[in-house]
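Working notes, beginning with the structure itself.
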Amino acid sequence: MPTPVMRSADLVGEIRKCEVQVKASEKGKPVVKLSLSNARAFAKSHLPCFIVAILDQDSHHPRVFIRHFWENEIERTLKRVREAGNQGK
């Protein structure tokens, strides 16, 4: 197995980043409510965005759901932002 090449920190390539919004709930369905301002920030971001829902967080076996905030979510968000703007909100 090849060993990684050690380089000076200033020569290392770009660090990959993403944005994540984590929501936790003790019980219930994997439904997440995101504020319009946070959804707008995700829709306008150049970084990949994800929503993570953790259900039954206090149990020994929490359920974790991850959703990529992508085309459908961006389209719905921008539509809601325009509608809110038209209503003066």
Side-chain angles (χ1 to χ4, degrees):
M1 182 157 104
T3 59
V5 177
M6 297 302 293
R7 292 191 260 170
S8 175
D10 64 324
L11 298 176
V12 175
E14 180 182 351
I15 297 172
R16 295 178 188 229
K17 300 177 187 177
C18 71
E19 295 191 38
V20 177
Q21 174 107 45
V22 178
K23 300 287 189 171
S25 174
E26 291 181 16
K27 295 180 181 176
K29 297 179 182 179
V31 175
V32 172
K33 294 190 180 206
L34 198 60
S35 71
L36 187 55
S37 61
N38 284 346
R40 180 189 178 277
F42 269 19
K44 302 295 268 178
S45 178
H46 295 287
L47 296 173
C49 298
F50 298 88
I51 300 169
V52 177
I54 303 171
L55 302 181
D56 308 323
Q57 64 181 1
D58 295 331
S59 79
H60 293 294
H61 303 287
R63 296 179 295 154
V64 178
F65 300 86
I66 301 172
R67 181 160 191 141
H68 186 197
F69 194 92
W70 194 226
E71 292 172 343
N72 291 335
E73 293 78 13
I74 291 171
E75 183 179 330
R76 283 197 318 257
T77 297
L78 294 177
K79 181 179 178 184
R80 286 178 49 216
V81 167
R82 280 187 222 109
E83 289 170 351
N86 290 340
Q87 295 173 2
K89 293 182 182 180

| Can you name the closest pair of heavy atoms from A53 and V32 and give their distance? | CB-CG2, 3.6 Å
| request: For L78 and K44, work out which heavy atoms get closest and say how close. | output: CD2-CD, 4.3 Å
| task | Could you label the plane-to-plane angle of the F42 and F69 rings as parallel, tilted or perpendicular, counting under 30° as parallel and over 60° as perpendicular? | result |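 Taking F69 first and then F42, their aromatic rings stand perpendicular (interplane angle over 60°).
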What distance do [X] atom [atom1] and [Y] atom [atom2] have between them, rounded to the nearest 0.5 Å?
X   : Y   : atom1 : atom2 : value
L55 : K23 : CG    : NZ    : 13.0 Å
T77 : R82 : OG1   : CZ    : 10.5 Å
H68 : C18 : NE2   : SG    : 9.0 Å
Q21 : S35 : CD    : OG    : 7.0 Å
R67 : N72 : CZ    : CG    : 7.5 Å

| said: Around atom CG of L11, are there more than 12 heavy atoms from other residues, nucleotides or ligands closer than 6.0 Å? | reply: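 Enclosed: over 12 neighbouring heavy atoms sit under 6.0 Å from CG of L11.
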| task | Can you establish whether the number of heavy atoms outside E83 located under 6.0 Å from its atom CD is more than 12? | result | yes
| note | Partner of V22 under side-chain contact (heavy atoms from CB on, under 4.5 Å), picked from V64, I54, I51, is I54
